[in-house]
2 protein chains.
Amino acid sequence: MENNVLTANATGQKSFMNPKEFLAHWQGHRKLTRRIIDAFPEDKLFEFRIGGMRPFAEMAREFIGMATPSLYGMVTGEWKPLEAILPAGVNGQPTTKADLLALWDAVTPEIDELYSQIPEADFHKTISLFNKYEGQIHSLLLYIADNEIHHRGQGYVYLRALNIEPPFFFDR
Amino acid sequence: MENNVLTANATGQKSFMNPKEFLAHWQGHRKLTRRIIDAFPEDKLFEFRIGGMRPFAEMAREFIGMATPSLYGMVTGEWKPLEAILPAGVNGQPTTKADLLALWDAVTPEIDELYSQIPEADFHKTISLFNKYEGQIHSLLLYIADNEIHHRGQGYVYLRALNIEPPFFFDR
């Protein structure tokens with residue numbers, strides 16, 4: 001794709017999406033995911049499953065474990081597990097809905113803070129996430145958001161199977 | 001977010017994602033969705049449901065109905081239903097897996113073709129999709145891809161509930 005800056009339009013945008021827009025997109029999805037967590041009765045959140053899949057609490061813990069550890073590594077080059085980078089006093093292995101939501105809320109501003117430290121020119125830099133998954137930073141971040149959308153869709157089926165009306169998908 | 005072109009990096013990328021990358025992202029997801037459709041036994045594809053949700057064939061028909069009609073309107077300003085813009089001989093209301101896959105495959109190159117007609121400067125233009133959903137073109141297209149990821153995640157639960165191992169999410 002040609003990248004002649006002279007053809008940039010009046011708003012200065014010559015891209016599909018800029019870094020600020022992706023962050024808003026991701027945090028918007030995270031708001032919806034938080035509402036899905038909260039829509040589960042506590043016991044079902046940690047126990048209900050269909051077809052041998054994980055309970056939704058485990059999926060949500062996965063989203064959290066992918067978010068700040070990935071960003072931390074993108075910024076510092078060091079790959080650490082969630083617990084190593086959590087603020088003091090936050091339980092990284094929640095077993096109650098209140099603790100899971102507290103963990104969720106603790107990482108929300110950390111995502112903003114770490115993401116803002118990625119230089120705009122780095123979003124197309126190729127890295128090896130956790131020394132394991134090679135890709136450009138923008139593509140890896142998009143994967144993390146997509147993974148959340150994918151599994152959250154599964155959380156919707158769990159809620160429907162439990163006769164609970166989930167929040168609208170488009171309401172972020 | 002500042003948009004000073006002088007700070008663009010060596011690859012010429014000063015964005016989170018460029019238009020070509022989004023198309024590859026979307027078509028990559030569509031490839032996976034096609035494999036999920038194909039993984040269903042024919043009767044289950046059109047009949048199996050959990051918690052009152054739609055069978056997966058209906059969800060897949062929705063993805064198709066959102067894709068080319070949205071792009072067609074973004075390019076021409078005219079909002080038409082899928083049937084009005086399908087190539088001759090393609091069944092827009094499939095009732096068999098073969099017809100659903102044929103419809104899927106008919107729209108795949110049309111997505112490429114229509115998408116390529118969106119001027120790069122237009123991705124941040126605000127439009128009213130189907131005279132109903134206001135948003136910037138990039139944001140509306142991302143919504144369409146997200147909607148597919150979301151409901152395809154539900155298709156994964158259907159397959160698991162049917163004891164069918166679905167394709168890996170990361171394999172596109």
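Residue numbers start from 1 in every chain, and the chains themselves are labelled A, B, ... in the order their sequence lines are given, proteins ahead of strands.
Interface remark: B:H151 contributes no atoms to any contact with chain A (heavy atom separation under 4.5 Å). Contact of A:Q136 with chain B is made through the side chain alone, with heavy-atom distances under 4.5 Å. For chain B, no part of A:N163 is nearby; none of its heavy atoms comes within less than 4.5 Å.
Considering NE2 of A:H138 and CG of B:N18, their distance stands at 7.5 Å, rounded to 0.5 Å. Separating the CZ atom in B:F16 from the CG atom in A:L23 is a distance of 9.5 Å, to the nearest 0.5 Å. A:L142 contributes atom CG, which lies 6.5 Å from atom NE2 of B:H29 (distance to the nearest 0.5 angstrom).
Across every non-hydrogen atom of B:S15 and A:H124, the tightest pair is O-CE1, 3.3 Å.
Within the 4.5 Å cutoff, no side-chain heavy atoms of A:Q154 are placed close to those of B:R160.
Of all residues in residues 91-105 of chain B, none places a non-hydrogen atom less than 4.5 angstrom from a non-hydrogen atom of chain A. Residues from residues 50-79 of chain B that place a non-hydrogen atom less than 4.5 Å from a non-hydrogen atom of chain A comprise B:I50, B:G51, B:M53, given in numerical order.
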Step by step, work out the side chain to side chain contact (heavy atoms under 4.5 Å, CB included) result for B:F169 and A:D146.
CA-CA 10 Å; B:F169 174 64; A:D146 287 353; 4.0 Å; yes

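Most heavy-atom pairs under 4.5 Å with chain B: of the set A:R152, A:H150, A:H25, A:E148, this distinction falls to A:H150.
Under a cut-off of 6.0 angstrom, the local environment of CZ in A:F130 is crowded, with over 12 non-hydrogen atoms contributed by other residues, nucleotides or ligands.
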